[in-house]
There are 4 protein chains.
Amino acid sequence: MKIEFDEKRPIYLQIMKAIKQEIATANLKKGDKLPSVREMAEILKVNPNTVQRAYQELEREQITYTQRGMGTFITNDVQKLKSLKKEMAIELVTFFVNEIKNLGFKTEEIIEIVKESLEREVK
Amino acid sequence: MKIEFDEKRPIYLQIMKAIKQEIATANLKKGDKLPSVREMAEILKVNPNTVQRAYQELEREQITYTQRGMGTFITNDVQKLKSLKKEMAIELVTFFVNEIKNLGFKTEEIIEIVKESLEREVK
Amino acid sequence: MKIEFDEKRPIYLQIMKAIKQEIATANLKKGDKLPSVREMAEILKVNPNTVQRAYQELEREQITYTQRGMGTFITNDVQKLKSLKKEMAIELVTFFVNEIKNLGFKTEEIIEIVKESLEREVK
Amino acid sequence: MKIEFDEKRPIYLQIMKAIKQEIATANLKKGDKLPSVREMAEILKVNPNTVQRAYQELEREQITYTQRGMGTFITNDVQKLKSLKKEMAIELVTFFVNEIKNLGFKTEEIIEIVKESLEREVK
DNA sequence: GTGGTCTAGACCACT
DNA sequence: GTGGTCTAGACCACG
């Protein structure tokens with residue numbers, strides 16, 4: 001796992017997001033063990049406390065669970081994992097649609113803009 | 001002008017954004033006078049320093065200009081104002097496309113999701 | 001505010017609890033400002049990070065809110081504050097009743113024991 | 001014996017507590033043999049080290065004793081077993097009374113709350 | 001080896 | 001001055 005840190009946003013949030021994306025793309029599956037706090041800290045060239053913070057928040061969101069002395073694991077609640085991808089997508093899309101409407105674009109225009117952007121990506 | 005502040009993100013940035021959106025939707029036009037720092041501060045129930053900061057940054061981006069003793073005005077550079085809308089849209093869309101791809105969605109799916117979301121909005 | 005730290009339990013949890021008790025006993029009321037992180041750290045002879053952690057968790061529980069650059073305040077949600085006392089009491093009592101039943105005491109005995117203990121306190 | 005582990009509190013303490021409760025409710029009597037460390041570990045789906053630790057501490061508190069090659073047994077000191085129940089009850093009650101007073105409840109109120117809670121339990 | 005907590009000290013952006 | 005984040009380094013209990 002590699003992360004290009006944004007420098008502006010809290011690192012622990014970026015770690016959380018990266019892990020969530022790994023789950024969304026099924027690179028991380030239920031029950032998978034995450035690297036230990038120290039390992040991950042070394043991988044990311046970051047202080048262990050920062051990783052700890054990220055793991056803690058993930059656990060609070062019930063995306064991971066920890067077993068004393070064993071490590072941190074992706075939850076076995078498959079439903080949770082499925083809904084995670086959906087939730088992230090919905091949040092992202094509604095944010096996007098809101099913002100773009102605030103700029104005064106109409107429905108048809110928006111579709112057009114997105115298509116354009118996607119084609120540009122393909123190149 | 002009313003803003004629902006997020007409290008988590010810098011207030012001055014939220015003010016800047018709101019003003020830019022007013023410009024994008026043509027509620028604010030070239031040469032329009034902005035409320036004075038104090039007026040705006042009172043309207044938004046915010047510290048004058050915060051408004052000051054927002055105005056300052058807007059001027060640095062050459063979206064506004066100030067005339068001593070007269071106040072702060074939207075720039076007369078029409079080109080600037082036009083490109084503003086486009087820039088904001090592009091930035092938003094590329095951000096969106098990047099993020100949604102990171103979630104593992106394919107091109108066709110993305111269009112579908114956006115359409116769905118737009119239809120939901122219409123209701 | 002003074003706290004006698006337990007040494008066994010996390011300090012930040014003990015700080016949180018102390019603040020909640022201040023609220024329950026109405027020593028802290030809606031909108032009251034808490035000492036700044038640094039002040040409180042000095043008062044309690046504790047590292048600022050530890051106080052920070054306590055404040056953060058309190059905010060997550062919506063018992064406090066923070067205003068950027070202004071400080072941390074008790075929530076204005078009176079309902080929340082009222083229910084806080086009730087919640088704490090209920091949690092405590094149900095815990096107690098559960099535990100004491102697990103020891104095999106019967107209803108009448110329990111009342112008796114509590115009364116005894118209260119009389120002892122009075123002395 | 002079944003235990004629903006809390007995962008937040010040390011497992012070995014939870015095992016100790018469960019055994020003590022079995023004694024308090026007379027499900028375990030003087031001289032009774034406890035399951036071997038390995039058996040118990042399998043029953044509770046727990047690392048044998050953890051059970052070992054629990055048994056060790058129980059022995060340190062002279063609640064059990066071990067005979068080499070024979071296993072671990074509840075002490076024959078009937079006095080000890082009787083006082084165990086009393087001790088646990090006293091500790092629990094004084095803790096409860098302390099806490100509830102810290103919430104600002106008065107003596108009469110406390111009795112009332114406990115009664116209410118007990119009635120609710122009966123239903 | 002594992003996570004959890006804490007101290008010390010620092011830097012930053014915001015008000 | 002305020003909260004928020006981070007690093008460095010340490011200690012602890014647990015498995």
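If you're wondering where the values come from, they're calculated on a predicted model, not measured in any experiment. In what follows, every heavy atom counts, from backbone to side chain, and hydrogens, waters and symmetry copies are set aside. Convention: sequence-line order gives letters A, B, ...; per-chain numbering from 1.
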- Decide yes or no for B:Tyr55 and B:Leu34: does some side-chain heavy atom of the first lie under 4.5 Å from some side-chain heavy atom of the second? yes

- When the nearest nucleotide of DNA chain F is assigned to C:Lys33 and to A:Gly69 on a heavy-atom basis, which residue is associated with the more 5' position? C:Lys33

- Query: Taking only residues two or more places apart in sequence or in another chain, which ones pass side-chain contact (heavy atoms from CB on, under 4.5 Å) with D:Phe5?
  - Reply: D:Ile3, D:Ile11, D:Gln14, D:Ile15, D:Leu44, D:Val46

- Message: Can you confirm whether D:Gln62 is buried at CD, in the sense that more than 12 heavy atoms of other residues, nucleotides or ligands lie under 6.0 Å from that atom?
- Response: no

- So which of residues 11-22 of chain D are in contact with DNA chain E, with a heavy-atom cut-off of under 4.0 Å? none

- Please tell me if the side chains of D:Leu58 and D:Lys20 come closer than 4.5 Å, counting only heavy atoms from C-beta onward. yes

- Query: Is D:Glu91 atom CD crowded by more than 12 heavy atoms from other residues, nucleotides or ligands, each under 6.0 Å away?
  - Reply: no

- Message: If you define the side chain from C-beta out and look only at heavy atoms, does anything of C:Ile90 sit under 4.5 Å from C:Val93?
- Response: no

- Query: Donor-acceptor pair, D:Lys80 side chain versus D:Glu61 backbone, under 3.5 Å?
  - Reply: yes

- Could you tell me whether A:Lys29 and A:Glu22 make a salt bridge, using a distance below 4.0 angstrom between a side-chain N and a carboxylate O? no

- Item | Nucleic acid contacts of residues 38-46 of chain B, taken as heavy-atom distances under 4.0 Å to DNA chain E | none

- Message: Of the listed nucleotides (E:dA13, F:dT5, F:dT7), which one gets closest to any side-chain atom of A:Asn47?
- Response: F:dT7

- Query: Start at the 5' end of DNA chain E and walk down; is the nucleotide closest to C:Met70 or to D:Lys8 reached first?
  - Reply: D:Lys8

- Item | Heavy-atom side-chain contact between C:Tyr12 and C:Val51 under 4.5 Å | no

- DNA chain F-proximal residues of residues 49-57 of chain D, any heavy atom under 4.0 Å: D:Thr50, D:Arg53

- Item | Rounded distance in Å - CZ (A:Phe5) to P (F:dT5) | 15 Å

- Taking C-beta and beyond as the side chain, do C:Leu103 and D:Thr25 meet within less than 4.5 Å on heavy atoms? no

- side-chain contact (heavy atoms from CB on, under 4.5 Å) with A:Phe95: which residues, sequence neighbours excluded? A:Glu99, B:Leu92, B:Phe95

- With Watson-Crick and G-U wobble geometry limited to distances under 3.5 Å, how should the secondary structure of DNA chain F be encoded in dot-bracket form, using | for bases paired to another strand and [ ] for crossing pairs? ||||||||||||||.

- What is the distance from CD of C:Glu7 to C1' of E:dC6, rounded to the nearest Å? 10 Å

- Given DNA chain E, 5'-ward residue of the pair B:Arg9 and A:Gly71, judged by closest heavy atom: A:Gly71

- Query: Taking atom CD of B:Glu42 as the centre, does the number of heavy atoms from other residues, nucleotides or ligands within less than 6.0 Å exceed 12?
  - Reply: no

- Message: So, OP1 or OP2 of E:dG3: does either fall under 4.0 Å of a side-chain N or O from A:Arg68?
- Response: no

- Query: Heavy-atom count around A:Lys33 NZ within 6.0 Å, excluding the residue itself: above 12?
  - Reply: yes

- So, the side chain of C:Thr64 versus the backbone of C:Glu59: is there a donor-acceptor pair under 3.5 Å, distance only? yes

- Within the structure, does a side-chain N or O atom of C:Thr72 lie under 4.0 Å from either OP1 or OP2 of F:dG3? yes

- Message: Please determine whether a side-chain nitrogen or oxygen atom of C:Ser36 lies at a distance below 4.0 Å from atom OP1 or OP2 of F:dT2.
- Response: yes

